[in-house]
Amino acid sequence: MTAVTLGIPSVRGVPRRAATPAGRPRPDTPLLVDRYGRVARDLRVSITTACSLRCTYCMPAEGLPLVPRDELMTPGEIGRLVGIGVRDLGIRDIRFTGGEPLMRRDLEQIIGAAREAADEGMAALATGGTSPERVRIAMTSNALGLDKRVDALVAAGLDRVNVSLDTVDRQAFATLTRRDRLDDVLTGIRAALAAGLAPVKINAVLLPETLAGAADLLAWAVEHGCALRFIEEMPLDADGRWTRDDVVSAADLLEVLGQRFTLTPAGREDPSAPAEEWLVDDGPATVGVIASVTRSFCGACDRTRLTAEGTVRSCLFGNEETDLKALLRAGASDEEVGDAWRAAMWAKPRAHGSDAVELAADAFADTRRSMGAIGG
Ligand code: SAM
């Protein structure tokens, strides 16, 4: 196995101490289990670090260093890893992200390769003439240019799209993303709805500068039939400016939204879902809040991540990566790749990149990569 250590994460203000015995043996299961009893079934695949926006909480103004083209996973490599993940490791949800997935000209081929591999993987598992379950393939996108490609993406096998949009105020959007492209984003969302990708989910990062416009964003989402979810800002900005004091909490948001809408707690879609939901004006529209900082949900984390370079990350905040692309290119078998993936996930940290049991809910290991470089 090729393990790439990007440095031992230090946790701000918290001692590092393992919460489980270091030598605990891995149970004999093909699934992606970890030392804390979690099972990863949700695969996030970053396919580029390039992006058409420069959101201040994610990217530096000049953009992230581009991964050299021959270091990016190819559609064939992505298809092979998806096939191993679905058939051998229990993956059931796949989401492409970045960077911006639409920056890849071969995105249609990537989705097509993933769809074919996922369908073949499920067909191989179907027994006794039962029709195989469909693995969901989704994408997280800023929707710029989506209107021109959405039909081809759906034809290739895309099931869902989550669009990131923090405000419907044109000036605030231009300041936050360093690009005056709000209208193009809205065009992309409308195209996704027209292409039948409903429900389109909108993800908004909660920021002090957009809090006042949160109710306008919710009104737009309700009017267009989109499911809006706010997420607390995490320390994953490339500029390292995040401070705990600037985090707008779910409680702050609910107070602002409550001035315009009647919000009724609706719980969670399922117990492991990170978003807590509220009915808007008695429904059916809902708004969700992902309190990733003030109420961490690491205990229910079921994610495994592949970076654009083809390394596995078990945790957003962990710096340990295992290079699966190197294994593929060295001629490793599916079994060897699956074993390396399982070993990487077994080492998944308890929470926020650390095994420390004393970890405060809002403490995070310092990660060497920003959200755009990991794939959110
Ligand atoms: N370009 C795509 C997009 O805009 O959705 C995919 C990549 S983007 C990194 C994925 C998600 O990460 C977006 O919803 C973005 O808002 C979120 N994100 C980026 N930086 C974040 C941060 N510091 N805290 C919380 N979410 C963040």
Side-chain angles (χ1 to χ4, degrees), residues 44-60 63-64 67 94-104 107 110 138-146 149 153 158 160-167 173 176-179 181-182 184-186 188-189 192 197 200-210 214 217 221 226-244 246-250 253 274-275 288-297 303 305-308 313 316-317 352-353 362 364 366-367 369-376:
R44 303 280 155 123
V45 189
S46 175
I47 52 175
T48 178
T49 55
C51 192
S52 39
L53 297 179
R54 295 285 182 273
C55 302
T56 50
Y57 53 79
C58 184
M59 290 237 171
L64 290 166
V67 178
I94 298 162
R95 174 174 299 281
F96 290 101
T97 179
E100 172 49 48
L102 289 163
M103 297 295 278
R104 288 272 307 239
L107 179 59
I110 291 173
M139 165 171 93
T140 300
S141 170
N142 61 27
L144 285 176
L146 182 59
R149 299 174 71 182
L153 292 170
L158 184 69
R160 289 271 183 278
V161 66
N162 282 13
V163 178
S164 305
L165 174 65
D166 304 317
T167 175
F173 181 94
L176 195 63
T177 65
R178 303 180 174 114
R179 302 283 187 274
R181 306 285 307 269
L182 175 65
D184 298 328
V185 172
L186 301 183
I189 296 174
L197 285 178
V200 171
K201 288 189 178 169
I202 295 182
N203 293 336
V205 178
L206 266 170
L207 302 161
E209 55 268 48
T210 52
L217 179 59
C226 298
L228 176 62
R229 298 177 317 172
F230 289 91
I231 178 164
E232 290 173 352
E233 185 189 3
M234 293 183 282
L236 287 166
D237 56 313
D239 294 334
R241 287 185 309 197
W242 183 93
T243 68
R244 176 66 183 81
D246 287 341
V247 172
V248 178
S249 70
L253 171 75
V289 181
I290 304 181
S292 39
V293 175
T294 59
R295 228 180 302 159
S296 133
F297 43 86
R303 290 180 192 168
R305 297 172 186 277
L306 288 172
T307 63
R313 270 180 96 95
L316 265 179
F317 294 93
H352 291 177
D362 58 357
F364 294 84
D366 283 326
T367 176
R369 289 185 189 246
S370 63
M371 188 70 117
I374 302 168

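Each ligand, and each atom within it, is numbered from 1 in the order the structure gives. In this text, all values refer to a predicted model and were calculated from it rather than measured experimentally.
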Looking at T97, which atoms of ligand 1 are within less than 4.0 Å of one of its heavy atoms? 6 (C), 7 (C)
Quick one: does any side-chain atom of D166 pair with a main-chain N or O of V205 as donor and acceptor, under 3.5 Å? yes
Do any nitrogen or oxygen atoms of S164 come within less than 3.5 Å of a nitrogen or oxygen of ligand 1? yes
When you compare the side chains of S46 and R305, does any donor N or O come within less than 3.5 Å of an acceptor on the partner? no
Would you say the side chain of L102 lies within less than 4.5 Å of the side chain of L144, judging by non-hydrogen atoms? no
Atom 8 (S) of ligand 1: which of A204, G98, A50 has the nearest heavy atom? G98
Nearest-option assignment for atom 16 (O) of ligand 1, heavy atoms, candidates V205, N142, L206, I202: V205
Is there side-chain contact between F230 and V248, with heavy atoms separated by less than 4.5 Å? no
Indicate yes or no: does an N/O atom of E232 lie under 3.5 Å from an N/O atom of ligand 1? no
Side chains of N203 and T140: donor-acceptor distance under 3.5 Å anywhere? no
Using a strict cut-off of 4.0 Å, indicate which atoms of ligand 1 neighbour a heavy atom of M234. 22 (C), 23 (N), 24 (N), 25 (C)
Tell me the contacting part of P235 for ligand 1: side chain, backbone, both, or neither, using a 4.0 Å heavy-atom threshold, strictly below. neither
Got S141 and E100 here, is their nearest side-chain heavy-atom distance under 4.5 Å? yes
Any N or O of Y57 that comes nearer than 3.5 Å to an N or O of ligand 1? yes
Any N/O of G99 closer than 3.5 Å to an N/O of ligand 1? yes
Would a 4.5 Å heavy-atom cut-off, applied to side chains only, mark T97 and V45 as touching? no
